[in-house]
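Input: a single structure, listed below in structure tokens.
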Number of protein chains: 2
Amino acid sequence: MTVRQQPAKEHRRTRQRAAVDEVLDETEDFISAQELHSLLRARGAGVGLATVYRTLQTLADDGRVDVLRSDAGEAVYRRCVREEHHHHLVCRSCGATVEIAGPTVERWAKSVADQHGYADVSHTLEIFGTCPRCRA
Amino acid sequence: MTVRQQPAKEHRRTRQRAAVDEVLDETEDFISAQELHSLLRARGAGVGLATVYRTLQTLADDGRVDVLRSDAGEAVYRRCVREEHHHHLVCRSCGATVEIAGPTVERWAKSVADQHGYADVSHTLEIFGTCPRCRA
DNA sequence: TCAAGACTGACAACCATTGTCAAAACGTCT
DNA sequence: AGACGTTTTGACAATGGTTGTCAGTCTTGA
Ligand SMILES: [Zn+2]
Ligand SMILES: [Zn+2]
Ligand SMILES: [Zn+2]
Ligand SMILES: [Zn+2]
């Protein structure tokens, strides 16, 4: 049988999605749906809030953007350079993000889960700190 | 799990706090404030929802319970056996939790942060999967 | 061009969490 | 025990992020 990594669903190209895409491409830091919505409105290319949420949701599902939760529990999104699985080193005060790959950690997580009989394993790993620039 | 060390403040002993404490002691899995509230109500020892939230918040601040966010973004709490810093292997469907220590990961996180000049480092790391019992 | 159906957006609905504040409970001192 | 200053409680309102609704609009492939 043919195995396909991503069922690559067809999505229609619309002005709204292009607009969201553009903002994501220009934004280095993690951004919330609400912030993205405001940016779009300010920029003239208005897009409905629900649409922003749906678009980000879809992008996340397709693995085209990374999602994590801010301290406030709000979902924040970011278009990363790496396509493959990775993690982040995020500045607590300015949001500056460094993409991190940790093969060792990946193996460790998998092995720990296996040891306890847990299947369908996933994990979250983020590192927070204060970046050089934010330290005067 | 983010590490936190705060000077333990004095708190009055009340029936409500004792009830919450009791449930936490009897519960192995991560539990949400809402679930805890329902449990208390079902058990007869009713406690106001706001009080449950406040109590859990306080316990978390004092480092007496661990907090993390479920897939739905809901905060879930657990009284862990280990006092020291650790992580969790959590069942996505029933919440069954295994406490994990990963010295290697800790060092790795620190070194990665150092390499990029990030100071005051902390990290979050949780592993999710489906436990043996939930796979029938 | 045309129809099928995917997409959009204004708005309502949801729901976890927090704010409010008067009444009740605590701990302490007499 | 009784009084008293402080903390805690809880019913309810309010907040705020996120999702649901659904009629109208836009894409796409034929
Ligand atoms: Zn990323
Ligand atoms: Zn910074
Ligand atoms: Zn724990
Ligand atoms: Zn399970």
Side-chain angles (χ1 to χ4, degrees), chain A residues 7-24 29-62 64-78 95, chain B residues 2 6-24 27 29-62 64-78 92 95:
Chain A
K9 279 173 262 179
E10 273 301 310
H11 292 137
R12 293 185 173 175
R13 273 64 65 75
T14 68
R15 171 183 70 79
Q16 292 84 345
R17 285 174 185 170
V20 169
D21 248 50
E22 198 178 313
V23 172
L24 286 173
D29 307 336
F30 276 92
I31 187 178
S32 72
Q34 307 268 356
E35 290 171 332
L36 182 24
H37 177 247
S38 299
L39 278 182
L40 285 171
R41 171 167 297 182
R43 159 183 311 211
V47 175
L49 180 57
T51 299
V52 172
Y53 271 103
R54 278 183 304 235
T55 302
L56 288 173
Q57 185 63 61
T58 300
L59 288 173
D61 288 346
D62 292 356
R64 307 255 280 278
V65 295
D66 282 358
V67 192
L68 57 83
R69 293 195 174 268
S70 69
D71 282 343
E74 188 178 18
V76 287
Y77 307 79
R78 180 179 194 263
Chain B
T2 306
Q6 283 288 321
K9 277 188 227 168
E10 86 228 27
H11 292 135
R12 290 185 176 174
R13 273 72 57 152
T14 67
R15 171 183 69 77
Q16 293 83 348
R17 283 173 186 169
V20 169
D21 247 51
E22 198 179 312
V23 172
L24 286 173
T27 307
D29 309 336
F30 274 93
I31 186 177
S32 72
Q34 305 270 355
E35 289 171 333
L36 182 23
H37 178 246
S38 298
L39 277 182
L40 286 172
R41 171 169 297 181
R43 151 181 321 206
V47 175
L49 181 56
T51 299
V52 172
Y53 272 103
R54 277 184 304 236
T55 301
L56 289 173
Q57 185 63 59
T58 300
L59 288 173
D61 288 346
D62 291 356
R64 306 253 279 279
V65 295
D66 281 0
V67 192
L68 57 83
R69 289 189 177 275
S70 69
D71 282 346
E74 188 178 18
V76 287
Y77 307 80
R78 179 177 195 265
R92 250 190 301 270

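Per chain, numbering begins at 1; letters A, B, ... match sequence-line order. Being a predicted model, the structure only gives us computed values, none of them experimental.
- Checking the phosphate oxygens (OP1, OP2) of D:dG16, no side-chain nitrogen or oxygen of A:Gln34 falls inside 4.0 Å.
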Protein and nucleotides 26-30 of chain D: nitrogen or oxygen contacts under 3.5 angstrom:
| unit_1 | atom_1 | unit_2 | atom_2 | d |
| --- | --- | --- | --- | --- |
| D:dT27 | O2 | A:Arg12 | NH1 | 2.9 |
| D:dT27 | O2 | A:Arg12 | NH2 | 3.3 |
| D:dT28 | OP1 | A:Arg13 | N | 3.4 |
| D:dT28 | OP1 | A:Arg13 | NE | 3.4 |

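- Atoms CZ and CZ, from B:Arg54 and B:Arg17 in turn, are 8.5 Å apart once rounded to the nearest 0.5 Å.
- Judged by closest nucleotide on DNA chain D, A:Ala75 is the one of A:Arg54 and A:Ala75 placed further toward the 5' end.
- B:Arg92 meets the salt bridge (charged side-chain N to carboxylate O under 4.0 Å, His left out) test with A:Asp120; sequence neighbours excluded.
- Enclosure of atom CZ in B:Arg15 by more than 12 non-hydrogen atoms of other residues, nucleotides or ligands within 6.0 angstrom is indicated.
- A distance of 11.5 Å separates CG of B:Asp66 from CG of B:Leu59, quoted to the nearest 0.5 Å.
- In terms of position along DNA chain C, the nucleotide closest to A:Gln16 lies nearer the 5' end than the nucleotide closest to the other residue of the pair A:Gln16 and B:Arg69.
- Here the P atom of nucleotide D:dG10 and the CG atom of B:Leu56 are 14 Å apart, to the nearest Å.
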Take A:Gln34 and A:Leu49, measure what side chain to side chain contact (heavy atoms under 4.5 Å, CB included) needs, and give me the verdict at the end. CA-CA 7 Å; A:Gln34 307 268 356; A:Leu49 180 57; 4.2 Å; yes
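- When DNA chain C is scanned in the 5' to 3' direction for atoms under 4.0 Å from non-hydrogen atoms of chain B, the outermost contacting nucleotides are C:dA16 to C:dG27.
- Heavy-atom nearest nucleotides on DNA chain C were determined for B:Gln57 and for A:Arg17, and the one closer to the 5' end corresponds to A:Arg17.
- With sequence neighbours left out, A:Arg43 forms a salt bridge (charged side-chain N to carboxylate O under 4.0 Å, His left out) with A:Glu22, A:Glu26.
- A:Asp21 pairs by the salt bridge (charged side-chain N to carboxylate O under 4.0 Å, His left out) definition with A:Arg79, not counting sequence neighbours.
- Across residues 36-53 of chain B, B:Leu49, B:Ala50, B:Tyr53 each have a non-hydrogen atom less than 4.0 Å from an atom of DNA chain C (numbered order).
- Looking at A:Glu35 and A:Tyr77, their side chains never bring a donor and an acceptor atom within 3.5 Å of each other.
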Decide yes or no on side chain to side chain contact (heavy atoms under 4.5 Å, CB included) for B:Leu36 and B:Thr27, but give the supporting numbers first. CA-CA 10 Å; B:Leu36 182 23; B:Thr27 307; over 6 Å; no
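- In this structure, A:Thr51 contributes its side chain and A:Val47 its backbone to no donor-acceptor pair below 3.5 Å.
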Should A:Arg69 and A:Val76 be marked as a side chain to side chain contact (heavy atoms under 4.5 Å, CB included) after you check the CA-CA gap, both sets of side-chain angles, and the distance that decides it? CA-CA 6 Å; A:Arg69 293 195 174 268; A:Val76 287; over 6 Å; no
